There are 4 protein chains.
Amino acid sequence: MAVSIQSEKAPPEEKNGKTRERRNRNDSVIDEAIAVMSEKGYAATSIQEIADRVGVLKGSLYHYFSSKEELLFRIIEKSHQDTSRISAEVGALDLPPLEHLLEHIRRTSEWFLRNRERAHIYFTEVRNLSGERHAEAIQWGRMFETDVSALVTAGQENGTIRDDLDQRLVTRYIIGTMNNLRSWPSRPGSKKQFGNDQIVDAAVTLIADSIRAGSD
Amino acid sequence: MAVSIQSEKAPPEEKNGKTRERRNRNDSVIDEAIAVMSEKGYAATSIQEIADRVGVLKGSLYHYFSSKEELLFRIIEKSHQDTSRISAEVGALDLPPLEHLLEHIRRTSEWFLRNRERAHIYFTEVRNLSGERHAEAIQWGRMFETDVSALVTAGQENGTIRDDLDQRLVTRYIIGTMNNLRSWPSRPGSKKQFGNDQIVDAAVTLIADSIRAGSD
Amino acid sequence: MAVSIQSEKAPPEEKNGKTRERRNRNDSVIDEAIAVMSEKGYAATSIQEIADRVGVLKGSLYHYFSSKEELLFRIIEKSHQDTSRISAEVGALDLPPLEHLLEHIRRTSEWFLRNRERAHIYFTEVRNLSGERHAEAIQWGRMFETDVSALVTAGQENGTIRDDLDQRLVTRYIIGTMNNLRSWPSRPGSKKQFGNDQIVDAAVTLIADSIRAGSD
Amino acid sequence: MAVSIQSEKAPPEEKNGKTRERRNRNDSVIDEAIAVMSEKGYAATSIQEIADRVGVLKGSLYHYFSSKEELLFRIIEKSHQDTSRISAEVGALDLPPLEHLLEHIRRTSEWFLRNRERAHIYFTEVRNLSGERHAEAIQWGRMFETDVSALVTAGQENGTIRDDLDQRLVTRYIIGTMNNLRSWPSRPGSKKQFGNDQIVDAAVTLIADSIRAGSD
DNA sequence: GATGAATGAGAATTCATTCAT
DNA sequence: GATGAATGAATTCTCATTCAT
C-alpha cells in the first residue's frame, strides 16, 4: 500500500531468492504496520492484525522487530531520515532564503504525499514512544522545525519574507500546512480529485502568497 | 430518569453546610477525560486513569456514561454543537462572502484555541467511534467542511477570492490551517509565547493574503 | 405475567390506598423477578433489570428484599408452600393409593401450569441458593419426592401399581413428567395449542396407563 | 491450522522422554467446561474456574475458543451432531413406526445417560446463545422434536400408537421424559442405584405402555 | 525463520450492595 | 419509601511478549 521510498534507490532485488524473500517479508512487515497504524493509530493497532496481513503468526513477527514500540520507532526514524536527506539536498542547491524555503516545502511536501501513511504516523504517533526513543524523535521534530525556522528568519532578514508576523508563527503556519497535506483530496477516489503535483503546487502557491514580503 | 417526587416537597437542602461532595462530577468526568485523551489519545487512555483523576473508582464512572466510546462521542458532539453555533452566529451577520469567511475563520479559530484539547480530540479521534456514532460524527465533519466550502465558492463567484485554485483545495487549506492552530506556540510556556488573539490574527492575516483575489 | 396464587385467597385489597400500593409494589417486585428469572435464569438476571420493570431505581429494590438470593429463596419458598398445601389437601381426601397419587399429580400439575414461571424457577434454580437456604430448599425437594414415593410404594403394595419397576424409578418418572409440563404446548400462542386442563388430562392419562398394574 | 513445515524433517520428538505436556488441551478445555457448566449453569460459570481446572491462566483459554458463548455453542453443537447421527442410524434400520420410535428413544436415552452433563447443557442452556448461534441451536431443537413427532404421527396412522391424545402432546411427553432421565437415580452413588441400562429399560417400558394403542 | 501454546498484566464493563439525603 | 452516587469485587476479553520445538 504505502509506496516505500526504497524504490527510489537502485532496486537491490537481483541478489538471490533467499535474500529477496527475506527482504520482502521484512519490508512487508513494515508496510503492513504502516498501513494499519496510519488507519487505526498506534495504540489501537494490534500485533495480531499486522501478522494477519503479513500472513505469519503473531509470534513470528518478533523475528523482525523486538517490540511494538521499536517497530513504531523504525517507521518514524525512516521518515526522519528521508526528510533530513531532502533537507540536505535542497540546502546543497544554494538558493536565496525564500526560494530555498519554497523548494524545501515543495520537495518535503512531495515526500509527505508520496508517503502519506508514513508521514501521518511521523506526525501523530511520536507520543507513543518512550524513554530514549521518545527523546530522539522529539529531537528530530525540533530539527525539522529549526530548518524551516532558520529559512523564515533569513527571509525576513533579507526582506523577502514579511516581518510583520513573528518568525515562530510563520514557521508553525508553514509546517502545519505541510502536515495537513495528507488530508487534501487526492487521486485515489479519482474523478475530480487531484494528483500530488497539483496539491503541492497549490500549497506552495498559497504559502508563498501569504508569506512574501509586501503582499499586503 | 425517574424524577423524584421528593422535589415537590420542600427542598431539604438547608440541613447543614456540609454539602457532602455534591460537586457536579459530570463536568469533572468530561474535563478529565478531555485532558487525558488529548494528551495520550483515545485508545491509549484507560478508564482507570480518568477515574483516578476524578477521584472515584473506575466502575463508578459508568454512572456518567455507558461506555468509553459514548464518552468520546459526547466530547466530539459538544465540539460540533459549539462550532455549529458559531457558524450560525456568523451567518446571521449577513456579511459578503470573503468577510463572512474570514469572520468564520476568526471565531472558529478562537474556539479551537480556547478549547485546544477538545478540538484536538474532535479532529483526531473520530475514527475511534463506530456504527451510528461514527456515521454521525463523519457527517458533522462534512457539514463543517461544507460551510467553508460554500463561502469559498461564493467568494470566487463574486471575484473576491482567487479562482486560479480549485475551491476544494482552498477549502482544505483553510480547514487544515485552523486544524493546526492548536499546535502553534501559545502562552502556557509564557515568555515569548503568544496569546490566542495574536495567533488568530496571524492566521487570519496569512489566510486572507493567500486567498484574496489578485494577490499575485 | 405470572398469575399469583395470592389471587386464590380472599383479596385483601380494600384496606386503604397506602397499604394497597405497598402490597402491589411488593407483589410487583416478586412478579417481575419471576418473569425475568424464569426467562433468563437466576444468574443471568440483574437487579437492574427487575428494577427497570418495576419502575424503580435499583437501590430502591432493597426495601423489598435484603439480597438477590433472598429474593430467589422467597420465590422458591412460596412454591414449596403452595405445593405442600396442595399435597395436604389431597391427603385429606383419604383416597386409595393410586387414586390418591393421580389426584396429587393432577392438582400439582395444575399449579405448575398456572404458575409456569415460578415452577420453572422452583425446579431449576435451587442450586443458586447457599448455606442454610440451600439446605432448606433441598429438603423441600426431598419432601416433594417423598410424598410421591410413598404413594407409589403404597400402590405397589396394594397391587394397583406395577411392581416390575423399582419404586424409585417410577417416582422419578412421575416427577420428571410433571416437571416438564411447563414446556408442553400451551395456549398463549392459541390456535391449535392446548389449555392447561387438556395438558393435565393428557399427562395424567399417560402416567396412569404406564404405571397401572397389569398394563402389560 | 497452518501445518508446520518442521514435520517434514525428521521428527525431533525422540530427544528425551519429557514430552512436555503435549496433551490435547482442547479436549480438556471442553471437558472441564462441561463439568462446571452442567453443575453451576452457564451464566454462573466463570472462565476463571474453567482455567483453574484445566491448569492454565484464563487468558490462555482463548486459544481454544473465541468467547465463552462460542464454547457453549461448541458443546451444544456436538450434542446435536451426536443425537442427529443416532437418529440417522436408527432410521437406517427401517423399522415400523412404533418400533422405530422406541429404538430411537432407547438409543438417544442411552446417549443422554452416558453424556449426562453435556445433555443437561444441551437441554437447558440454549437461551444463553445469541444471534446466529441461538437461531441455529433453536433449529436443532426443532429438528429433534420433528423426528419424534413424525414417528408419533406415523404410529397413530398405522394404528400402533394411541390417537386419543394429540400428537403434539404425546411428542412433548416423550421428549420430556428423555430430557429428565439425567436426574433419575444413577450408579455414581452406587449402593442401590441403577445402571444406565436399567434406567433406559424402565423409561422405554413406561413410555411404550403409555402410548401403545389399545392400552386402555 | 516459523510455530503455537502459554503467560501475565491490564483493559472495559457489570453488578450486587450500601448509604446519606 | 425512594434516590442516585459510590463501592469493590468479579467478569470477559485483549494483547504484547516469550519460548520450546
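Worth saying up front: this structure is predicted, and the values here are computed from it rather than measured. Below, read A as the first sequence line, B as the second, and so on, with proteins coming before strands; counting in each chain starts at 1.
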Practice problem: Could you summarise the pairing of DNA chain E as dot-bracket text, marking Watson-Crick and G-U pairs under 3.5 Å with ( ) or [ ] inside the strand and | across strands? | Solution: .||||||||||||||||||||
Practice problem: Identify, with sequence neighbours excluded, every residue that meets salt bridge (charged side-chain N to carboxylate O under 4.0 Å, His left out) alongside A/E70. | Solution: A/R74
Exercise. Taking salt bridge (charged side-chain N to carboxylate O under 4.0 Å, His left out) as the test, write out the residues that go with A/E77, two or more places apart.
Key: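 For A/E77, no residue satisfies salt bridge (charged side-chain N to carboxylate O under 4.0 Å, His left out) once neighbours in sequence are set aside.
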Exercise. Can you tell me, in whole Å, how much space there is between the P of F/dT21 and that of E/dG1?
Key: 22 Å
Quiz item: Taking only residues two or more places apart in sequence or in another chain, which ones pass side chain to side chain contact (heavy atoms under 4.5 Å, CB included) with D/K78?
Solution: D/Q81, D/D82, D/R118
Practice problem: Of all the heavy-atom pairs spanning C/M37 and C/I75, show the shortest one and how long it is. | Solution: SD-CD1, 4.1 Å
Exercise. List the atom of A/A51, the atom of A/L61, and the distance in Å for their closest heavy-atom pair.
Key: N-CD1, 3.7 Å
Practice problem: Could you list by number each residue of residues 67-77 of chain D showing a heavy-atom separation from DNA chain F of less than 4.0 Å, or answer none if no residue does? | Solution: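 Per residue number, the list reads D/S67, D/K68.
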Quiz item: Over how many whole Å does the gap from D/I47 atom CD1 to E/dA12 atom P extend?
Solution: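 These atoms are roughly 20 Å apart.
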Practice problem: Please work out if D/L57 contacts a base, only the sugar-phosphate, or nothing of the nucleic acid, heavy-atom cut-off 4.0 Å. | Solution: base
Quiz item: A/L61 or B/Y42: which one's nearest nucleotide on DNA chain E is closer to the 5' end?
Solution: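 It is A/L61, whose closest nucleotide lies nearer the 5' terminus.
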Practice problem: On DNA chain F, check which nucleotide each of A/F65 and B/H63 is closest to and give me the residue with the more 5' one. | Solution: B/H63
Quiz item: Mapping B/V56 and A/Q48 to their closest nucleotides on DNA chain F, which lands nearer the 5' end?
Solution: B/V56
Quiz item: Listed by chain and number, what are the ring-ring contact (aromatic ring centres under 6.0 Å, His included) partners of B/H80, not counting sequence neighbours?
Solution: B/W140
Quiz item: Hey, are the side chains of C/V36 and C/Y42 touching, using non-hydrogen atoms and a 4.5 Å cut-off?
Solution: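 They are not in contact (no side-chain heavy atoms under 4.5 Å apart), so the answer is no.
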Self-check item: OP1 or OP2 of F/dT3 under 4.0 Å from side-chain N/O of C/Y62
Solution: no
Quiz item: Taking only side-chain nitrogens and oxygens of B/S60, does any of them come within less than 4.0 Å of OP1 or OP2 of F/dA5?
Solution: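 Indeed not, no polar side-chain atom of B/S60 lies that close.
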Self-check item: Shortest side-chain distance from A/K58, nucleotide among F/dT7, E/dT3, F/dT17
Solution: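 Minimum distance to the A/K58 side chain belongs to F/dT17.
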